[in-house]
Protein chains: 2
Amino acid sequence: MNPEPAARPGDTSRAELLRVLGREHGAGLVDEIVVKVGADIIEGRYEPGDDLNSVELARVFGTSRTPVREALQALQREGFVDISAHRRPRVTTQSLAEVRDMYQVRAHLYRMVSRCVVDVATDRDLAGLRLVQTRLHDAAEAGDVDGYFWTNVEFRNTEARLTGNATLCRLLDNLGLRMLRLRHLSLSMPGRMAESVADHERLLAAYDDRDADVAAALTASIVLRGLRAIERSGWMTSRGTVT
Amino acid sequence: MNPEPAARPGDTSRAELLRVLGREHGAGLVDEIVVKVGADIIEGRYEPGDDLNSVELARVFGTSRTPVREALQALQREGFVDISAHRRPRVTTQSLAEVRDMYQVRAHLYRMVSRCVVDVATDRDLAGLRLVQTRLHDAAEAGDVDGYFWTNVEFRNTEARLTGNATLCRLLDNLGLRMLRLRHLSLSMPGRMAESVADHERLLAAYDDRDADVAAALTASIVLRGLRAIERSGWMTSRGTVT
DNA sequence: ATTCACTGAGGTGTCGACACTTTGCGGTCG
DNA sequence: CGACCGCAAAGTGTCGACACCTCAGTGAAT
């Protein structure tokens with residue numbers, strides 16, 4: 001459709017996709033298709049509701065339909081595609097209600113992350129987080145939205161990793177991937193980056209104080225601010241989203 | 001929905017599998033294979049680590065390898081099977097650490113469920129829950145472990161449904177399915193059923209009081225008691241599970 | 001003009017085949 | 001006796017083919 005190769009974000013979302021899908025190898029027809037189509041969906045080159053029929057994709061990628069079908073099912077697992085029997089797969093459409101739900105769950109899970117971090121993180125771990133925070137700060141000063149966005153993703157991934165809870169990481173990866181479009185949109189809103197930097201600063205202070213209650217509350221607040229930014233943006237009403 | 005108490009555990013786990021996989025129809029080769037193999041894993045007819053090669057399964061089911069491969073990937077999505085490139089799929093082995101992680105996350109998510117239930121459930125909803133609780137009580141009195149187990153699953157599903165949060169339901173379904181083996185084991189421990197009935201009774205009382213803090217704490221406690229039962233059982237050490 | 005059966009073009013689900021990779025086994029050599 | 005090499009058996013990834021299903025469009029009947 002829109003064969004414009006995405007500049008830098010593409011590479012990073014590509015890596016994130018591979019990581020989350022657990023297909024680290026990256027070699028293999030299926031992975032190639034998953035990453036390409038997935039990135040096309042995340043970065044908006046496919047609109048919600050678009051048809052993704054296997055025969056056309058097979059033609060585009062020069063493969064048979066078998067790897068395409070596998071790729072589409074992998075994308076369905078991650079919530080990017082809806083597949084029902086004998087019907088053409090379609091790009092998932094998210095309702096405002098679903099978006100709210102995702103943010104609520106994500107906020108709640110990050111409460112757990114922050115409590116765990118307070119419990120188990122060493123000073124060294126916190127120093128690592130602070131390092132990422134520095135890069136957030138710099139990106140914000142430079143007004144580099146994409147850079148800020150991906151560093152922010154890294155910040156949250158680092159926190160999750162620190163808990164040492166693989167199940168928690170998996171669920172957050174899954175949710176995070178689905179919300180990638182939205183999180184990007186949210187951080188693009190005017191004034192959001194500065195706000196976000198300040199919030200992260202406060203969160204790190206709470207970690208340093210080993211104050212679980214404050215850290216959990218701040219984390220949840222940070223996530224939910226993203227939701228509010230989206231709600232204010234009117235993005236939802238500008239799309240063909242069902243109630 | 002299920003007027004007859006599960007005569008055979010297989011029937012119910014079959015239905016639960018279909019529901020969680022979003023494959024309600026149940027018609028189709030892939031679904032048949034998913035359900036059969038999935039139930040075999042849940043109910044222990046395959047040991048963790050067993051090979052599940054597609055050609056043998058295709059022979060067993062009298063199909064080609066294509067639907068078998070799709071089924072195996074669906075099972076991988078739910079965490080029952082590990083697939084890596086060019087190697088035979090294997091039944092997932094869970095380490096004790098992973099089990100602990102799953103229970104912790106599940107407990108935390110059910111905190112959210114209980115808070116939501118307190119917020120949004122009508123008296124009519126709570127009456128529905130109490131009805132399930134009655135059946136729990138009866139099954140416990142009758143010493144019907146399987147009946148109790150599946151009614152318990154229904155109780156938790158009902159709570160989740162009440163929140164109206166589809167994302168939350170999805171994550172809990174996913175987690176719940178992976179933990180099915182463990183939850184069953186946990187409830188089979190001597191004295192657990194009676195304990196569980198009493199816990200649920202207290203939880204319902206908290207719902208009636210609209211006391212979110214107590215409800216959340218009780219819910220988490222109920223989940224974590226399941227974990228402790230498993231830890232005491234020594235199940236993990238009797239399996240070839242890595243620590 | 002509206003409805004509805006029909007149809008054919010396009011797509012999905014499944015199949016059997018084939019090349020490449022892994023694995024288990026036996027023989028060779030230190 | 002054990003380590004190493006190589007080969008055959010077994011399994012995976014991908015392909016093209018084909019039967020069936022869906023859907024938009026046609027045209028006839030109301």
Side-chain angles (χ1 to χ4, degrees), chain A residues 1 17-18 21-38 40-41 46-77 80-93 240 242, chain B residues 17-18 21-38 40-41 46-77 80-93 240:
Chain A
M1 310 260 157
L17 266 165
L18 275 173
L21 296 180
R23 327 185 81 115
E24 314 287 350
H25 23 76
L29 275 176
V30 177
D31 301 277
E32 191 183 336
I33 300 172
V34 165
V35 166
K36 181 61 169 55
V37 177
D40 281 353
I41 293 176
Y46 288 119
E47 295 284 318
D50 278 0
D51 274 7
L52 287 176
N53 79 72
S54 57
V55 68
E56 156 113 2
L57 287 174
R59 198 180 49 71
V60 168
F61 286 100
T63 71
S64 83
R65 284 172 48 238
T66 310
V68 170
R69 281 174 57 84
E70 277 190 27
L72 286 174
Q73 290 185 259
L75 289 169
Q76 182 190 32
R77 278 177 233 139
F80 290 113
V81 174
D82 284 333
I83 305 181
S84 48
H86 287 286
R87 262 164 209 126
R88 292 198 281 271
R90 291 171 162 277
V91 176
T92 307
T93 72
V242 203
Chain B
L17 266 164
L18 276 173
L21 296 179
R23 306 174 163 270
E24 316 285 350
H25 24 72
L29 275 178
V30 177
D31 302 274
E32 191 184 336
I33 299 172
V34 166
V35 166
K36 180 60 169 55
V37 176
D40 281 353
I41 293 175
Y46 288 118
E47 296 284 318
D50 279 0
D51 274 7
L52 287 176
N53 78 72
S54 58
V55 50
E56 158 108 3
L57 287 175
R59 198 180 48 71
V60 168
F61 286 100
T63 71
S64 83
R65 284 171 49 236
T66 310
V68 171
R69 281 173 57 83
E70 276 191 29
L72 286 175
Q73 290 185 253
L75 288 170
Q76 182 191 31
R77 160 165 70 114
F80 289 112
V81 175
D82 283 333
I83 305 181
S84 49
H86 287 289
R87 280 189 183 102
R88 293 197 282 272
R90 292 171 164 275
V91 176
T92 307
T93 71

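Residue numbers start from 1 in every chain, and the chains themselves are labelled A, B, ... in the order their sequence lines are given, proteins ahead of strands. Side chains included, hydrogens not; waters and symmetry mates left out as well; all remaining heavy atoms used.
Residue B:Asn53 places its side chain closer to D:dT12 than to any other of D:dT12, D:dT14, C:dT14. Closest approach to the A:Arg65 side chain among D:dT14, D:dT22, C:dT12 is made by C:dT12 (side chain taken as heavy atoms from C-beta onward). Nearest nucleotide to the B:Arg88 side chain, out of C:dT23, C:dG11, D:dG16: C:dT23. The side chain of A:Val30 has D:dT14 as its nearest neighbour among C:dT14, D:dT14, C:dT22.
Proximity of a side-chain donor or acceptor of B:Asp51 to a complementary backbone N or O of B:Asn53 within less than 3.5 Å is not detected.
In summary, the side chains of B:Ser54 and B:Arg65 do present a donor paired with an acceptor at a separation below 3.5 Å, with no hydrogens or angles considered.
Look at CZ on A:Arg87: it is 10 Å from C1' on D:dC23, rounded to the nearest Å. Rounded to whole angstrom, the span from the CZ atom of B:Arg90 across to the P atom of C:dT23 amounts to 9 Å. In this entry the distance linking CD of B:Glu56 with C1' of D:dT12 reads 15 Å, nearest Å. D:dC23 atom P lies 11 Å from atom NE2 of A:His86, rounded to whole Å. One atom, CD of B:Glu70, and another, C1' of C:dT12, lie 10 Å apart when rounded to the nearest Å. The distance from atom CZ of B:Arg59 to atom C1' of C:dC15 is 18 Å, rounded to the nearest whole Å. Between the CG atom of B:Leu52 and the C1' atom of D:dA10 there is a distance of 16 Å, given to the nearest Å. Rounded to a whole Å, the CZ atom of A:Phe61 is 19 Å from the P atom of D:dG13.
Listed pair B:Ser64 / C:dC15 meets the phosphate criterion, a side-chain N or O lying under 4.0 Å from OP1 or OP2. Side-chain N/O atoms of A:Ser54 include one lying less than 4.0 angstrom from OP1 or OP2 on C:dT12.
Using a 4.0 Å heavy-atom criterion, one finds that B:Arg69 contacts the bases of the nucleic acid, with or without backbone contacts as well.
Considering CG of A:Leu29 and OG1 of A:Thr63, their distance stands at 6.0 Å, rounded to 0.5 Å. Summarising the geometry, atom CD1 belonging to B:Ile83 is positioned 8.0 Å from atom CZ belonging to B:Arg69; distances are rounded to the nearest 0.5 Å.
Taking both residues in full, the closest heavy atoms of A:Leu52 and A:Val37 are given as CD1-CG1, 4.3 Å, listed atom of the first, atom of the second, then distance.
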